[in-house]
Engineer: 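Quick one: the structure is below, and I'll ask about it shortly.
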Number of protein chains: 2
Amino acid sequence: MAKKSIRAADVAKRAGVSQPTVSRVFGVGTKVSKKLELKVKTAAAELGYRPNTLARTLATGCSKTIGLIVSFLENPFYPEALEKLSLVLNESGYHILIFMAANQAEEIDTIVEDLLDNQVDGIIFASVGISNTLTDRLVKENIPLVLFNRGQDDPRLSSVTSANFEGGRTVAQFLLAGGHQRIAHISGWQGSSTGRDRQAGFIKGLKDAGQELIGCIDSRFRRSLAAEATRRLFLGEIIPDAIFVGNDHMAFAVMETIRTEFGLRIPEDVSVVGYDDVSMSEWPSFNLTTIRQPANRMVEETVKMLLSMIDGDFLTVQKLEIDASLQVRGSARIPEEWPNEEF
Amino acid sequence: MAKKSIRAADVAKRAGVSQPTVSRVFGVGTKVSKKLELKVKTAAAELGYRPNTLARTLATGCSKTIGLIVSFLENPFYPEALEKLSLVLNESGYHILIFMAANQAEEIDTIVEDLLDNQVDGIIFASVGISNTLTDRLVKENIPLVLFNRGQDDPRLSSVTSANFEGGRTVAQFLLAGGHQRIAHISGWQGSSTGRDRQAGFIKGLKDAGQELIGCIDSRFRRSLAAEATRRLFLGEIIPDAIFVGNDHMAFAVMETIRTEFGLRIPEDVSVVGYDDVSMSEWPSFNLTTIRQPANRMVEETVKMLLSMIDGDFLTVQKLEIDASLQVRGSARIPEEWPNEEF
DNA sequence: TTAGGTTTTGAATGCGCATTCATAAAATGC
DNA sequence: GCATTTTATGAATGCGCATTCAAAACCTAA
C-alpha cells in the first residue's frame, strides 16, 4: 500500500558503502571517516532516508520513550504539568506514551503491562498509586519509575512531591496568625500521600498552637464532594471562619459554595486557603491564597531522576520534596505581622 | 542488565511446538488446533510470556499507536477532549504518542517527522494547523490524518469540528432577540478556521438583522489578549452591551475584566456569550451562556474517521461538522420569546 | 482402501537496524 | 622501510515476531 520505505541498505548501496556504515553514521558515539560520512549523508538526503526508530529500538533495547500515566486531568495542575513534562522530555529526545487512568489498581496494572509490551524505557506515575505486587514486578524487571506528586512508603520507589507536610503546617501558622478561631479542613483524598501529608502538617501546625480542627472532611480531590463538604460545615453548629482546602481545584468549589449558597464573603466572613497555585488561582474571581507547588521544578526533577535511573544510576532512587511556599493573595485574612516575602 | 525477556521461541520450546505456532496463537485471525493452542497458552502462562509489541510492529508494519499533536492545553476544552480521546482509542486497542505544540509550522513539521519515524498508524491534530508541504508528504506517504477542532480548505484533509458558522449565527440571533444594540466580538485566532467561522457566522447573523459589530478584536484564543481587548472595548466611545467571545476560555477573562476593572454587572449591564461549553462554564462564578461543542461526539467521530482510514477506507475523508446548540445560562440577557429547549 | 482435498504445522525468511568480529587500511615508532 | 599498533570498514548475525511456502497430518468420498 504505502510506498516502500527506504532502508539503511538502500542508502548504503547508493553511497557505495555497507549498511553498517550507514548505521554508524546515524548512530551515536560511533565513528566513520569524514569522507564516507559525507557520501552517506548526501546519499541519505537524496533518498530522503530516515532511520526507523522501531527497528533501532528492537536492536538496541532502548526505545527513547517513556510511559506516562495520569489521572485527575480535570484539575488544571495536571494539564499544566503535562505540558511541561512533554517539553522537558522532548528536549531530552524522549517520547511520551500517555495513558489516562482512573485510580484503580487493576486498571493501572493493565496499563503498565501495556507499557512494558511497548518497551518503554521508564514510567512516570502522575498522581496515581502503585500496588505492591506491581512494584515487585517493575523492580524485578528493572524498569525505572518515578511517582510525580504522590509518594509511597515503599523504599524502592522514587517520587517527587512538594513538601506537603510543611505546606500544610505553613497554612496553619498563617491562619492562626490571622487570628482565626474556628478552623476547618476539607482534605484531599486520604488514600494519597499528598492528601494525608497536607492534612497531617496542617493539624500539627494547629496543635502546636493549642488549636484543633472544628471539622475535617475528606473530599477526595473532587469538586462535587468539596462543595458537599462545604455545605455540611456551614450547616453545622459551629461555622468555620477559615478553611484549608486540600488543593486549589477543590478550593474553587468551596469558595463558590460559600459565596453563592451561604451568601458569605471571602475573606471577610471566611478565609479560604488552597494548595497548588494553579494559574487559575490568580484569576480575579478567586484570588486564592494558596501554597505554591512549583510544577516546573517538580517536572524537571522528575525527569532528571528518571533519566538518570535509565542511565543505570539506581542510586538516584529517592524521595524528593520540593519547597512549597505560601502565595498570599486575597482569599484569606492577612495577618498584620506576616512576613511579606512574596512580591 | 535487565533479565532477558522470554521470547516466542522459548514458549515454543517449552510447549514442544515451533515458534510460528506460538506466533499464531497470539496473533489475530490465525488458526491453531485446540490442542496445541492449549499447550502453548499454558506454557506461555508458566513463563509469563507477553509478545513484544515492537517486534510485531516491525514485522507487520502496523503499530497500533496513533500520534496526537495538541496545543492550547491551558484551555480546558483540550484536557477534556484529551481524556476522552485516550479512552476511546484505548478501547480500540490503540496507544497514544503525544506531543505538545505551539502553533508554528516548523515545529509541527519536526514533530510529524518524529511521529513517522515512530511508525504511527495515524495522526490526530488537535487544534493545530498543517502546512501544504506537510500535507503533500503525509498524503503521499499514505498516513491517515484527522484534524480535530480545526478545519482546512485542502480537500485531502479530514476534519471534525462543530458547526462553527452556525454556532456563531445562533449567538447573533440570541443576542439580537435579547434586544442588544451595541454588540462586539472578541474573536478567536483568525488564522484558524474555528476562529474565522465563528466570527463569520456571527457577523452574518447580525447582518441579516441589519446590525453591525461595534467592535471586533482578534484575541487569538488567549486570556491575556482577551482581557486587553475587553479594556479597549470598554474604554472606547461606544460601550458594548453584549460581547460574543470566541471561546469560553477567553470569555472567563472577559467577564472578570468587565466585573473587576469596569465594575459592570453581567448580564444586567453587559451580556457575555462564549463558545465550547467547557465544564467550568457552569461554575456559579461564571454561569456562562455558551455554544455547546460536544467534545464526546467530536472525539468519537474523530476516532471513527481515523480508524476507518487506517483500515484503508479513504473514502472516509470528509469534513464533519457536529451540531452545536446554545446552552443558555445566566451571563447574557434571556429573550422573552427564546425557545427554552435546553433542559 | 486409496485418490483427492482440506487443514495444521514447521522451516525458512524478512522487517530495519545495531553490533560483534575479523580483516583491511592507515598511522605510528624506530 | 618494516613491524606494530591503531583505526576504519564490511560480512555475518541477532533483536522478536509474522508470514510464505512446502510438507505432513487429517478428512472425505467412492
Side-chain angles (χ1 to χ4, degrees), chain A residues 1-41 43-44 47-65 113 116-121 141, chain B residues 1-41 43-44 47-65 113 116-121 141:
Chain A
M1 176 137 312
K3 190 170 39 92
K4 203 162 165 27
S5 64
I6 38 264
R7 308 165 320 241
D10 302 324
V11 177
K13 191 183 299 174
R14 185 175 181 94
V17 301
S18 71
Q19 176 265 318
T21 299
V22 175
S23 173
R24 282 189 263 258
V25 169
F26 286 92
V28 292
T30 39
K31 307 188 172 223
V32 167
S33 65
K34 283 290 168 203
K35 202 178 59 179
L36 285 197
E37 178 173 349
L38 186 66
K39 274 166 55 170
V40 168
K41 284 200 165 166
L47 263 46
Y49 168 74
R50 310 207 93 223
N52 179 324
T53 309
L54 254 44
R56 175 176 292 173
T57 299
L58 189 58
T60 60
C62 148
S63 64
K64 281 293 197 176
T65 107
E113 293 291 355
L116 294 184
D117 294 349
N118 277 278
Q119 310 289 110
V120 296
D121 290 340
E141 301 219 15
Chain B
M1 176 136 311
K3 192 170 36 99
K4 203 163 165 27
S5 65
I6 36 267
R7 308 167 319 239
D10 302 323
V11 177
K13 192 183 300 176
R14 185 176 181 92
V17 299
S18 71
Q19 176 266 319
T21 299
V22 176
S23 174
R24 279 189 264 260
V25 169
F26 287 92
V28 291
T30 37
K31 304 187 174 229
V32 167
S33 65
K34 283 288 167 204
K35 203 178 58 181
L36 285 195
E37 178 174 348
L38 185 67
K39 276 172 41 175
V40 168
K41 284 202 165 164
L47 264 46
Y49 168 75
R50 309 207 93 223
N52 179 324
T53 310
L54 254 44
R56 176 177 291 173
T57 299
L58 189 58
T60 60
C62 148
S63 64
K64 281 291 196 179
T65 107
E113 293 291 354
L116 294 184
D117 294 347
N118 278 277
Q119 310 288 109
V120 296
D121 291 341
E141 300 219 16

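Within every chain, numbering begins at 1; the chains are lettered A, B, ... in the order of the sequence lines, protein sequences first and strands thereafter.
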Engineer: What parts of residues 15-27 of chain B reach DNA chain C, counting only heavy atoms under 4.0 Å away?
Structural biologist: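 Under 4.0 Å from DNA chain C: B/V17, B/S18, B/P20, B/T21, B/R24.
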Engineer: Rounded to the Å, how far apart are A/Q119 CD and D/dC17 C1'?
Structural biologist: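 Spelled out: CD on A/Q119 to C1' on D/dC17 is 12 Å.
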Engineer: Give, for atom CD of B/Q119 and atom OG1 of A/T53, the distance between the pair rounded to the nearest 0.5 Å.
Structural biologist: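 Nearest 0.5 Å value for the CD-OG1 distance: 7.0 Å.
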Engineer: Taking C-beta and beyond as the side chain, do B/V11 and B/V40 meet within less than 4.5 Å on heavy atoms?
Structural biologist: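 Yes; the side chains approach each other to less than 4.5 Å.
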Engineer: Specify the separation, in whole Å, of atom NZ of A/K34 and atom P of D/dA8.
Structural biologist: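 Computing the A/K34:NZ to D/dA8:P distance gives 11 Å.
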Engineer: Quick one: label B/L54 by what it contacts on the DNA or RNA (base, sugar-phosphate, nothing), any heavy atom closer than 4.0 Å.
Structural biologist: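 Nothing, no nucleic acid heavy atom in range.
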Engineer: Do you know the tightest heavy-atom contact between A/L47 and A/R14?
Structural biologist: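 That would be CD1-CD, 3.1 Å.
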Engineer: Report the distance from atom NZ of B/K13 to atom P of C/dG10, rounded to the nearest whole Å.
Structural biologist: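 Interatomic distance, NZ of B/K13 to P of C/dG10: 15 Å.
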Engineer: Taking CG from A/N118 and P from D/dC17, how many angstroms apart are they, rounded to a whole number?
Structural biologist: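 Distance check: A/N118 CG to D/dC17 P gives 13 Å.
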Engineer: Think B/S5 has a side-chain N or O under 4.0 angstrom from the OP1 or OP2 of D/dG16?
Structural biologist: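 Answer yes for this pair, as a side-chain N or O of B/S5 is under 4.0 Å from OP1 or OP2.
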Engineer: Quick one: does A/R7's side chain get under 4.5 Å of A/D10's, heavy atoms only?
Structural biologist: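 Yes, at least one pair of side-chain atoms sits under 4.5 Å.
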Engineer: Which heavy atom of A/A43 sits nearest to which heavy atom of A/A15, and what is that distance?
Structural biologist: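 Heavy-atom minimum between the residues: CB-CB, 3.8 Å.
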Engineer: In whole Å, what is the span from the CZ atom of A/R56 to the P atom of C/dC17?
Structural biologist: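 In whole Å, C/dC17 P lies 8 Å from A/R56 CZ.
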Engineer: Can a donor-acceptor pair be found, under 3.5 Å and without considering hydrogens, that links the side chain of A/T60 to the backbone of A/R56?
Structural biologist: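 Yes, A/T60 side chain to A/R56 backbone: donor-acceptor pair under 3.5 Å.
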Engineer: Can you see if the side chain of A/T60 gets near the phosphate of C/dC17 - specifically, an N or O under 4.0 Å from OP1 or OP2?
Structural biologist: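 False: A/T60 side-chain N/O out of range (4.0 Å or more) of C/dC17 OP1/OP2.
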Engineer: Please determine whether side-chain contact (heavy atoms from CB on, under 4.5 Å) holds for the pair A/V25 and A/L36, giving the CA-CA distance in whole Å, both sets of side-chain angles, and the decisive distance to 0.1 Å.
Structural biologist: CA-CA 9 Å; A/V25 169; A/L36 285 197; over 6 Å; no
Engineer: Between C/dA26 atom P and A/L36 atom CG, what is the distance in whole Å?
Structural biologist: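 Rounded to whole Å, this separation is 11 Å.
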Engineer: Of the nucleotides C/dC17, D/dC17, C/dC15, which has the atom closest to the B/N52 side chain?
Structural biologist: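 Side chain of B/N52 sits closest to D/dC17.
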Engineer: For the side chain of A/S33, counting heavy atoms from C-beta on, which of C/dG16, D/dC17, D/dT9 is nearest?
Structural biologist: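 Among C/dG16, D/dC17, D/dT9, the one nearest the side chain of A/S33 is D/dT9.
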Engineer: Check the distance between C/dC17's P and A/I6's CD1 and give it to me in whole angstrom.
Structural biologist: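 The answer, rounded to whole Å, is 9 Å.
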Engineer: Nearest-Å distance, CG (B/L58) to C1' (C/dA18)?
Structural biologist: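 Rounded to whole Å, this separation is 13 Å.
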